[in-house]
Amino acid sequence: MAGHLLDHLVRFGRTLRAAGVPITPGQMMNLVRALEWIPLGDREAFYHAARCTLICRHEDLEIFDRIFEWFWRNPLMGGQLPPGLLSTAPGPIRRRENRPRPAEVGHPPSGEPPTGNPEAPPVILADRAMTYSPIELLRRKQFERFSEEEIQLARRLMARLRWRISERETRRLRPGPKGEHLDLRRTVRRSMRHYGEWVRLLWRTRKHKPRPLVVLCDISGSMERYARMLLHFLHALSHTRRHVETFVFGTRLTRITRCLRHRDLDEALREVGKTVMDWSGGTRIGECLHVFNRDWARRVLGRGAVVMIISDGWDRGDVELLQREMERLQKSCYRLIWLNPLLGIPGYQPLTRGMQAALPYIDDFLPVHNLASLEQLAAHLEQLPARRSARRSGLARRIPQGEPE
Amino acid sequence: MFPRSIDEVMEALKVHRYIADRGLATAIFLALRLGRPLFLEGEPGVGKTEVAKVLADLLRTELIRLQCYEGLDVHSAVYEWDYARQILQIRMLEASGERDEVRIRQQIFSPAFLIKRPLLQALEAKNGRPPVLLIDELDRADEEFEAFLLELLSDWQITIPEIGTVRAEQPPVVVITSNRTREIHDALKRRCLYFWIDYPSFEKEVQIVRARIPEAPERLTRQIVAFVQELRRLDLYKLPGVAETLDWTAALLALDQTELDPAVIDETLGVLLKYQDDVLKVRGEIAQDLLTKALLRAEMPSGNY
């Protein structure tokens, strides 16, 4: 192969990587080998060959197309990607550069455009008298009252919380003395020691695995006060369990599972900030759940998933839609948990229209306003009942009155 | 037998009544040439499984299919011993006075008592041609199986403790499909050539229906495809795939329809839409609108839309 073509290929791979598409040397090798079979000058075949060797995720195809188009128009040019090449791409595409996004997102930016002000975000009350709180006090303290130091302390406490989500029986069998399936293979092999006599029967039993967890977290204006602590919480959660899918929503639904994979919290939050477009705006829970049910439910709700919605239930969208989508969501998951930070406030009644519409379809309605409530949640997740609770039939389509269970 | 160019693949697929675009043909061609598995993703009913069947026809070789499900294990994917026959054999040996444990063991754990499951079968070329191995709906299997598969795809050998290692002289042609009900690990996908099968364009879908159901009148075919294409623009839980288009065409033929009309659409909508919510949404007014658009589009000459 001509030397300069190889150079171009290597730089092409580097450009893709820079745009957040992970490409391994093995994949580059595949492409080089593929080119031996492609007629020189057949640009279309080259495009398809590069696409099927370098890309292995559906969501990366679009960004590949953009970069391919740009790069091979003049591969000698090289250098930086032109700004705007990636930014018009719809959807949460992972990228690591040239996004003029409001970046500092340990604390989501408030309404006004960020002017790079170093001031503390409105979430945090300034440190006053309290420079240190005993842990017990901190556990009971509401998130929105945390001082900067307390947040750091809470972060460490949260990382130490153990999240053991209740397990489900899988269909995979493993050897087990109390099993209900005869393990013929081992029984026969064992019987060889006794001249073919089945002295002992050996058994297999179902393997248990933790249920997948799917979190949908509200980041609209009314939730802003809690957003920072909740993001810390989501990050801690993603790193204690393997199967956690995380989405945030306000006026639109964004998947942040991949952003939260960064071990480093600040790095992860920076990624979240680049991906999420609707911080602190309005809420359209119904629409967002609809998008979730349509585009994601089939992909992430298999295998008996537990769903947690974190929201105060302030909804400016279509209430009937919300009700319909809640019903659908409840029916397609194992357990639907709603965490509401307001529930920690004494005397709070879930009277907002959105909350009222959602309540009949919620299996557990729990507070999330301080560390103690998170501990309570962890304990609850650990001992979910082995059978799922009754599902409401679609005929009961009426906004019911009254208290949660 | 092995195609020599991308165009040859396209032609061969067409002969076998599979209408593919050039991207898919390129991926298939390269998968054959580089000896890499082909990983096909896409919405249900866009013809992923069909690719493997057509490939087996085209290469004039056997198709071995492994349908995945949760808990799929070595016993059902790779091999199993025929226990009933083993037990009988032990009794017979006993009756003939055989007492030597080692000899009994050698007898009953021999290839004659081995039941070969798809993955083991796939290691053996029949009449010199490696088979096509279809691993269907891999997303339904669990991670344990995925890990096993990753190993198999890299060295094409299987170890059976009692017999030894079986190695493929010629690795099979592998097609893996996934409906994305779960993310397949990147490590596995990177070993493969990846192709996303999209819903076909109007003209392509007409070609597909004509290739598969040639007895359908052209006018009806165009109307059906135009209607389904309109349906795919709606916000539905599950969009109809090409498989549904073909089912619907067959259903309308069975009902002796020569043309789409509102009544028959409302009656047969269940063939296209698989969720009650979707059916309720479309039936009636929306179906009417779609029909109007579809009839217009069906009449337009190709390429003018």
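Throughout, a chain's letter reflects where its sequence line sits, starting with A, and its residues are numbered from 1. The basis for the numbers below is simple: all heavy atoms, side chains too, and nothing from hydrogens, waters or symmetry mates. None of these values were measured; they are calculated from a predicted model.
- For B:Leu236, the part lying near chain A is the backbone, with the side chain staying farther off; criterion is any non-hydrogen pair under 4.5 Å.
- Heavy atoms of A:Asp42 lying under 4.5 Å from chain B belong exclusively to its side chain.
- In this structure, no portion of B:Phe39 lies under 4.5 Å from any heavy atom of chain A.
- Only the backbone of B:Asp139 comes within contact range of chain A, with heavy atoms under 4.5 Å apart.
- Contact count versus chain B (heavy atoms, under 4.5 Å) is highest, among A:His290, A:Arg185, A:Glu44, for A:Arg185.
- Shortest non-hydrogen contact noted between A:Leu202 and A:Leu182 is O-CD1, 3.5 Å.
- Taking the side chain to side chain contact (heavy atoms under 4.5 Å, CB included) definition, one finds that B:Glu98 meets it with B:Leu93, B:Ser96, B:Asp100, B:Arg103, B:Ile104, sequence neighbours left out.
- The cationic group of B:Arg117 does not satisfy the cation-pi geometry with B:Tyr79, failing either the under 6.0 Å distance to the six-membered ring centre or the 45° limit from the ring axis.
- With a threshold of 4.5 angstrom between heavy atoms, A:Ile38 approaches chain B through side-chain atoms but not through N, CA, C or O.
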* **Full working for salt bridge (Lys or Arg N to Asp or Glu O under 4.0 Å) between B:Arg22 and B:Asp7** => CA-CA 8 Å; B:Arg22 222 175 128 79; B:Asp7 293 319; 2.8 Å; yes
What verdict does the side chain to side chain contact (heavy atoms under 4.5 Å, CB included) test give for B:Ile19 and B:Lys14, after you've listed the backbone C-alpha separation in whole Å, the side-chain angles of each residue and the deciding distance to 0.1 Å? CA-CA 6 Å; B:Ile19 313 291; B:Lys14 207 166 173 183; 4.2 Å; yes
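- Contact of B:Glu70 with chain A is made through backbone and side chain together, with heavy-atom distances under 4.5 Å.
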* From CA spacing to verdict: side chain to side chain donor-acceptor pair (under 3.5 Å), B:Glu41, B:Tyr194 -> CA-CA 8 Å; B:Glu41 268 189 335; B:Tyr194 175 87; 2.7 Å; yes
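- Under the 30°/60° scheme for interplanar angles, the aromatic rings of A:Tyr47 and A:Phe64 are found to be tilted.
- In terms of heavy-atom pairs under 4.5 angstrom with chain B, the leader among A:His58, A:Arg294, A:Arg51 is A:His58.
- In this structure, the portion of B:Ala141 lying under 4.5 Å from any heavy atom of chain A is its backbone and not its side chain.
- No other option in A:Arg299, A:Arg298, A:Lys209 has as many heavy-atom pairs under 4.5 Å with chain B as A:Arg299.
- For the options A:Ile55, A:Ile23, A:Asn30, A:Thr24, heavy-atom pairs under 4.5 Å to chain B are most numerous at A:Asn30.
- Ranked by heavy-atom pairs shorter than 4.5 Å toward chain B, the options A:Leu184, A:Val300, A:Val188 are led by A:Leu184.
- Across B:Arg182, B:Glu144, B:Glu94, the residue that shares the most heavy-atom pairs under 4.5 angstrom with chain A is B:Glu144.
- For chain A, no part of B:Ile184 is nearby; none of its heavy atoms comes within less than 4.5 Å.
- Comparing A:Ala34, A:Pro212, A:Ala49 by how many heavy-atom pairs each has under 4.5 Å with chain B, the most go to A:Ala34.
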Step-by-step salt bridge (Lys or Arg N to Asp or Glu O under 4.0 Å) determination, A:Arg211 to A:Glu167 = CA-CA 5 Å; A:Arg211 297 180 177 281; A:Glu167 299 196 324; over 6 Å; no
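- Taking chain A as the reference chain and counting heavy-atom pairs below 4.5 Å, the highest number among B:Ile90, B:Asp186, B:Asp73 is found for B:Asp186.
- For chain A, the option among B:Arg4, B:Arg191, B:Lys238 with the highest count of heavy-atom pairs below 4.5 Å is B:Lys238.
- Applying side-chain contact (heavy atoms from CB on, under 4.5 Å) to B:Leu24 and the options B:Leu40, B:Leu13, B:Asp198 leaves one that passes, B:Leu40.
- A cation-pi arrangement is present between A:Arg328 and B:Tyr275 under the rule of less than 6.0 angstrom and at most 45 degrees off the ring axis.
- Heavy-atom distances place the side chain of A:Trp198, and not its backbone, under 4.5 Å from chain B.
- Only the side chain of B:Leu30 comes within contact range of chain A, judged by heavy atoms closer than 4.5 Å.
- Rounding to the nearest 0.5 angstrom, the gap separating the CG atom in B:Leu88 from the OH atom in B:Tyr83 is 15.0 Å.
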### Task
Evaluate the salt bridge (Lys or Arg N to Asp or Glu O under 4.0 Å) criterion for residues B:Lys274 and B:Glu244: first the C-alpha distance (whole Å), next the side-chain angles of each, then the deciding distance (0.1 Å), finally the verdict.
CA-CA 10 Å; B:Lys274 304 299 166 73; B:Glu244 277 77 22; 3.2 Å; yes
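- With a 4.5 angstrom heavy-atom cutoff, B:Thr26 touches chain A only via side-chain atoms.
- Heavy-atom distances place the side chain of B:Ile6, and not its backbone, under 4.5 Å from chain A.
- Heavy atoms of B:Phe145 lying under 4.5 Å from chain A belong to its backbone as well as its side chain.
- Among all heavy-atom pairs drawn from B:Leu72 and A:Arg172, the shortest one is O-NH2, 2.6 Å.
- Among B:Gln86, B:Glu162, B:Arg140, the residue making the largest number of heavy-atom pairs under 4.5 Å with chain A is B:Glu162.
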Report the C-alpha distance between A:Arg258 and A:Glu245 in whole Å, list the side-chain angles of each, state the deciding distance to 0.1 Å, and finish with yes or no for salt bridge (Lys or Arg N to Asp or Glu O under 4.0 Å).
CA-CA 9 Å; A:Arg258 291 230 166 101; A:Glu245 279 287 344; over 6 Å; no
